[in-house]
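Excluded from the calculations below are hydrogen atoms, water molecules and symmetry mates; all remaining heavy atoms, backbone and side chain alike, are included. Count residues from 1 along the sequence.
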Amino acid sequence: MSAAARARRLDEHADIVVLEQGDFVSFANCGLPYHLSGEIDRRDSLLLHTPATLASTLNLDVRTGHRVTAIDRDAREVTVQTAERTYRLPYDALLLAPGATAVRPPVEGLDHPAVHALRVVPDVDALRATVDGLLASRDDGDRAAEPPTAVVVGAGFIGLEAVEALAARGLQVHLVELADHVLPPLDAELAPLLAEELASHGVRLHLGAGARKIRPAAEAADYGEETVRPAGPVVVTLSDGDEVTADLVVVNVGVRPASALAREAGLDLGPSGAIRVDGDQRTSDPHIWAVGDAVEVVQAVTGATGPVPLAGPANRQGRRAADSICGRRTTPQAPVLGTAIVRVFGLTAAVTGANQATLRRAGIDHEVVHVHPGHHAGYYPGAEQIHIVASFAPDGSLLGAQAVGRAGVDKRIDVLATALRAGMGADDLAELELAYSPPFGSAKDPVNMLGFVAQNVLDRTMPQWQAWELDEVREGTLVLDVRSRGEFAAGHLDGALNIPHTELRDRLDEVRDAAGGRPVSVHCASGVRSYLATRILRGEGVDARNLSGGWLTLTAVHPELLEDVAVRA
């Protein structure tokens, strides 16, 4: 619809026909989870336009219930099928925007009526009806009964939004994720923050496990020649052997490009099955363009190609394709950063650029920096901690960033996404001039702090060690904990030497004796006090390194450390 609307604005006399196989056009699919939760009360709020409004405002011929089944490239015609007839429609320029289809995991019983998806308006209609029915039956019966139970399979962005929506409606929710942490695109050291938030809202997590089978909780009824499968609760069997009885199941494990029509027409596809396009969104056929979740894009940091199903890039692609079709000057599509954000109850998680796993797979050398600043001035009431992880190339270029927190996350990720697009690095982040007043930020904004720390790491002012290097650190270095005695008593690494950073200058000989010539691996709670301690030690000729992100990051990567503390307590 972005392409069709732009084309009309550019050419008042063009004959523009939009063919849509479903019943809805220009609907806000990103708003579906919030209609499920009830935050968006009116369903019509999701329907941005109808065929009638598009006809009256833009003179577009929008035909719903019209499925394109074939493309005749030689004749420049498409075959269209409706409930009543099949016909052929000629074109001068053809735009393909088929989107994506939900991945169907190899789970037995996916066709059970208790199993739902959450991608289009009919999906949310069915889900809301099911939830409303479950809650109504409970209210009509025993109000003290257990709430209805939902299983959400897939802890990606949509899965997490579905979890929050169902929990908001009062359901008991189980979240199943095959990866070892929620929101797999998020770096592993930030994911425990989301897991803790989910658990605090009663969500039961099943990580490192996949759904294997969905079967009715009750036996099928045999009525002679007819066997009736019960529509009631189901049992979800997981790959780790656990079984969960649920009243409904929502499956969102990803999408794949809906490129079958393009493939059958002989258009070039990429290795992922996405439609290959040039910088103007033109396919391998000069008369056919393609946009949206079905097309191949270049990922900005790694240069890899594949689909990136995000609304922002798709809308810009539609505008670009219309410009190209109408013979206008275009700005070729820039590589996609994959900037995304999600709310998880009281937390916000956001990402931009490449995460650590992607950089490792691509063989890109990088340094990882962790900071935990407040979202505004600490002396102003209500400051919330933001946890930021960013990766930098050896030359200081920013490669990717992620953040989790209760406030200010969107603002920082947007700045970092802009910095990535502009090719900025650590020095640029340190010098950014960002709006400051105590209720909104700090004189040293978290983005500036990220740049400062990255500068120190890259120029070796602050050599660092990472949480995932813990085994080697314990084996070959002295671990120096410079937190207070109370913090140390509440939980620490076995064998660590505790010297509060304010006492370090007076106890240097104690450090040297304990180290016995070994390097010293320093840490505090977040990395600030240990940075000061590291500079003191290095100024005295001691080979010292600072733990990136401190105890906060260490315990996120190694949660067993907190379990050990709980056992000792």
Side-chain angles (χ1 to χ4, degrees), residues 32-33 35-38 102-120 122-156 158-179 182 195 198-199 201-254:
L32 297 180
H35 179 51
L36 175 61
S37 69
V103 172
R104 283 181 62 87
V107 179
E108 182 182 342
L110 274 185
D111 59 343
H112 192 281
V115 179
H116 297 263
L118 185 54
R119 281 190 50 77
V120 293
D123 292 339
V124 78
D125 289 344
L127 260 172
R128 273 186 63 112
T130 298
V131 171
D132 290 347
L134 290 169
L135 295 174
S137 63
R138 178 172 175 264
D139 289 343
D140 291 342
D142 183 2
R143 286 178 173 266
E146 290 293 317
T149 299
V151 170
V152 175
V153 180
I158 297 175
L160 290 175
E161 290 169 345
V163 165
E164 186 184 54
L166 293 168
R169 295 294 306 276
L171 275 67
Q172 171 63 61
V173 183
H174 292 253
L175 179 58
V176 177
E177 171 54 51
L178 190 58
V182 298
L198 289 161
H201 285 80
V203 178
R204 300 178 186 177
L205 300 178
H206 304 265
L207 302 178
R212 288 291 174 263
K213 184 178 181 179
I214 300 170
R215 71 178 194 277
E219 295 296 328
D222 187 356
Y223 295 96
E225 296 181 356
E226 183 180 5
T227 300
V228 178
R229 183 175 60 178
V234 294
V235 175
V236 182
T237 302
L238 307 183
S239 57
D240 61 5
D242 279 357
E243 291 192 333
V244 181
T245 300
D247 298 287
L248 67 89
V249 180
V250 180
V251 178
N252 283 289
V253 295

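Between Gly159 and Val152, the closest heavy-atom pair is O-CG1, 3.7 Å. When all heavy atoms of Val107 and Ala211 are compared, the pair lying nearest together is CG2-O, 3.2 Å. Closest of all the heavy-atom pairs between Arg204 and His206 is O-CD2, 3.6 Å. Across Ala117 and Asp123, no two heavy atoms sit closer than the pair O-CB, 3.3 Å. Annotation for Pro147 and Gly170: closest pair CB-O, 3.3 Å, computed over non-hydrogen atoms. Closest heavy-atom contact between Val173 and Ala167: CG2-N, 3.8 Å.
Counting heavy atoms from C-beta outward, Val176 and Val236 have side chains that stay 4.5 Å or more apart. The closest side-chain heavy-atom distance from Pro33 to Leu160 is not below 4.5 Å. Val251 places a side-chain heavy atom less than 4.5 Å from the side chain of Pro105.
Qualifying side-chain contact (heavy atoms from CB on, under 4.5 Å) partners for Glu164, counting only residues two or more places apart in sequence or in other chains: Tyr34, Arg343, Phe345.
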Open item on the list: Pair Thr245, Thr149 - check side chain to side chain contact (heavy atoms under 4.5 Å, CB included), show working.
Closed with: CA-CA 7 Å; Thr245 300; Thr149 299; over 6 Å; no
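Side-chain atoms of Glu177 come within 3.5 Å of backbone N or O of Ala155 as a donor-acceptor pair. In this structure a side-chain-to-backbone donor-acceptor pair under 3.5 Å is missing from His201 to Val203. Here the side chain of Asp242 pairs no donor or acceptor atom with the backbone of Leu238 at under 3.5 angstrom. Although no hydrogens or angles enter the test, the distance criterion places no donor-acceptor pair under 3.5 Å between the side chain of Thr237 and the main chain of Arg212.
For the atom pair CG of Leu127 and NE2 of His116, the computed distance is 5.0 Å after rounding to the nearest 0.5 Å. To the nearest 0.5 Å, atoms OG (Ser37) and CG (Leu32) are separated by 11.0 Å. With values rounded to the nearest 0.5 angstrom, Leu36 atom CG is found 10.5 Å from Glu161 atom CD.
Residue Asp247 forms a side-chain contact (heavy atoms from CB on, under 4.5 Å) with just one option from Val234, Leu134, Val151, and that option is Leu134.
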